Number of protein chains: 2
Amino acid sequence: MFTLSEENYLKAIYHLESDSKKGISTNAIAKSLETKASSVTDMIKKLSEKEVVLYKKYQGVTLTEFGKKTAANIVRKHRLWEVFLVEKLNFSWDEVHDVAEQLEHIKSPKLINELDALLGFPTHDPHGDPIPDKEGNVNTVDKILLSTLNKEESGVCVGVNDSSSEFLRFLDKKKITLGKKITVLEKEDFDDSLSIEIDGEKLSISKKIANNLYLKK
Amino acid sequence: MFTLSEENYLKAIYHLESDSKKGISTNAIAKSLETKASSVTDMIKKLSEKEVVLYKKYQGVTLTEFGKKTAANIVRKHRLWEVFLVEKLNFSWDEVHDVAEQLEHIKSPKLINELDALLGFPTHDPHGDPIPDKEGNVNTVDKILLSTLNKEESGVCVGVNDSSSEFLRFLDKKKITLGKKITVLEKEDFDDSLSIEIDGEKLSISKKIANNLYLKK
DNA sequence: AATAATTTTTAGACTAGTCTAAAAATAATG
DNA sequence: CATTATTTTTAGACTAGTCTAAAAATTATT
Ligand SMILES: [Mn+2]
Ligand SMILES: [Mn+2]
Ligand SMILES: [Mn+2]
Ligand SMILES: [Mn+2]
């Protein structure tokens, strides 16, 4: 069994690994958990004792297979709860994160299995992120950033890179939701902004937005 | 805000107060939380600082109004989650307690309001215990123990005194569920056992059972 | 009322998790 | 390659929550 704190560390390392491949640095973990490097070093030693990470001083950490499975299961719970909050409890996608952050630590295999069934075995959370299965396997889709599309190309919204409330509410305001088709009409060299078509309407989109919205061609 | 531990102490005191009226003793709290009296004394001081209990050395504690409201809110959450687990996730009434014990500490007013609505604003949990409203008010029903009924009298099952898995599964086996009518056919002076009628069938019930089943006349 | 039994509190210690400040190791730079 | 700069680890301290053992207060019993 893992403590709440250990679980949060595991999850942070899991997410950092999916981006960077190499050993995860103490500082990277500290930044992602808004804690201090010295605290991270302490915790890493505990996690290493528990055989969920491999650790050699000054070399960063890597999750073991056991660690990966454990972390994936926490992510699974987090995302299933997010679906529940949106589908059953009328939360909007920018309200779910903090609550899911708590709910992901509830210990009960039956609870999560039944929740999965209640929700109809969803494959993705409200932000388009894939839900790991019971074994910790994830279906990674080949999604690309809107900013990488060329003029005339189009795709369907499938996820966000930044899932802050601010960004999500911005998307809501612009009526950009998952599942909608976007076509790039124009790319401005000057400020890298885009002119896109969505819902048959023309919309101007900044570089920052285009860098945080994932599409599937 | 209260820590998980503080919340568990508050809830324990709340339940003990509803039985005993007077100041709750250190030992009683220790017993109910399976901890040591010295730990209780420490925690009581913190709770007293936070103005949720009144405390004078060697005199036991009483909840303040604020403390009562806070505790009732935790009980509210516990019982709403129990209803959710039974109604939506196919848990049986003997499986819900440990999970609800964790879920009751999740912090999110919106979560609990929406859950309440999803469940159709239930008034009682799966064990027949009343669910406090948002203000912490409880609808106490005048329920009586089966053991207090006289020969020929009858009532409807509305709750349990002991909510251990063992007792609840025993009731399941005997098909004694909330809402069913029970009539006392015979009272044995020898061992205080009862002969009852339920579902048109005759059943023999020990003193221990009769002391843990609540009826409403 | 005096003594014994019980309850409660205190004193001191321990673990988990965190922090600051300093030391050690690694990486970057001229 | 020698010197800086950065990263990481260690050392020591702090809080929350718990425990054991001993002291103090209360309650029960002769
Ligand atoms: Mn979390
Ligand atoms: Mn998400
Ligand atoms: Mn609890
Ligand atoms: Mn209950």
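Quantities reported herein were computed from a predicted structural model and do not represent experimental measurements. By convention in this document, chain letters (A, B, ...) are assigned in the order of the sequence lines, proteins followed by strands, and residues within each chain are numbered from 1.
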Worksheet item: Starting at NZ of A:Lys31 and ending at C1' of D:dT7, how long is that distance when rounded to a whole Å?
Response: 14 Å

Practice prompt. With sequence neighbours excluded, give me every salt bridge (Lys or Arg N to Asp or Glu O under 4.0 Å) pair touching residues 38-61 of chain B.
Written response: B:Glu6-B:Lys50

Discussion item. Can you pull out the residues from residues 4-12 of chain A that lie within a 4.0 Å heavy-atom distance of DNA chain C?
Written reply: A:Ser5, A:Tyr9

Fill in: Protein-nucleotide distance (B:Glu34, atom CD; D:dC19, atom C1'), rounded to Å
15 Å

Item to complete: With sequence neighbours excluded, give me every side chain to side chain donor-acceptor pair (under 3.5 Å) pair touching residues 22-36 of chain A.
Response: none

Worksheet entry | Residues which pass side chain to side chain donor-acceptor pair (under 3.5 Å) with B:Gln102, listed by chain and number, not counting sequence neighbours | none

Worksheet entry | Nucleotide-resolved protein contact map, nucleotides 20-26 of chain D, B/S/- at heavy-atom distance under 4.0 Å | B---BSS

Discussion item. Tell me which pairs pass salt bridge (Lys or Arg N to Asp or Glu O under 4.0 Å) where either residue lies in residues 157-166 of chain B, with sequence neighbours left out.
Written reply: none

Practice prompt. Considering just the side-chain nitrogens and oxygens of B:Thr35, establish if one lies under 4.0 Å of OP1 or OP2 belonging to D:dC19.
Written response: yes

Worksheet item: Hey, does the side chain of B:Asn27 come within less than 4.0 Å of C:dT6's phosphate (OP1/OP2), counting only N and O?
Response: no

Worksheet entry | Parallel, tilted or perpendicular: rings of B:Phe170 and B:Phe167 (30°, 60°) | parallel

Practice prompt. Check DNA chain D against residues 44-56 of chain B and give the residues with a non-hydrogen atom under 4.0 Å, in numerical order.
Written response: B:Lys46

Item to complete: If a pair satisfies salt bridge (Lys or Arg N to Asp or Glu O under 4.0 Å) and one of its residues is in residues 89-114 of chain B, list it, with sequence neighbours excluded.
Response: A:Glu95-B:Lys110, A:Lys110-B:Glu95, B:Glu7-B:Lys107, B:Lys11-B:Glu101, B:Lys11-B:Glu104, B:Asp94-B:Arg169

Discussion item. Checking A:Glu153 now: which residues fulfil side chain to side chain donor-acceptor pair (under 3.5 Å) with it, not counting sequence neighbours?
Written reply: A:Lys217

Worksheet entry | A:Asp172: side chain to side chain donor-acceptor pair (under 3.5 Å) partners, not counting sequence neighbours | A:Trp93

Item to complete: With sequence neighbours left out, write down each residue that passes salt bridge (Lys or Arg N to Asp or Glu O under 4.0 Å) with B:Lys68, or none if nothing qualifies.
Response: B:Glu65

Worksheet item: Which whole-number value in Å describes the distance from B:Asp42 CG to C:dT8 C1'?
Response: 12 Å

Response to the item:
residues 78-88 of chain A vs salt bridge (Lys or Arg N to Asp or Glu O under 4.0 Å), sequence neighbours excluded, gives A:Arg79-A:Asp125

Discussion item. Between A:His78 and A:His97, is the ring centroid distance below 6.0 Å?
Written reply: yes

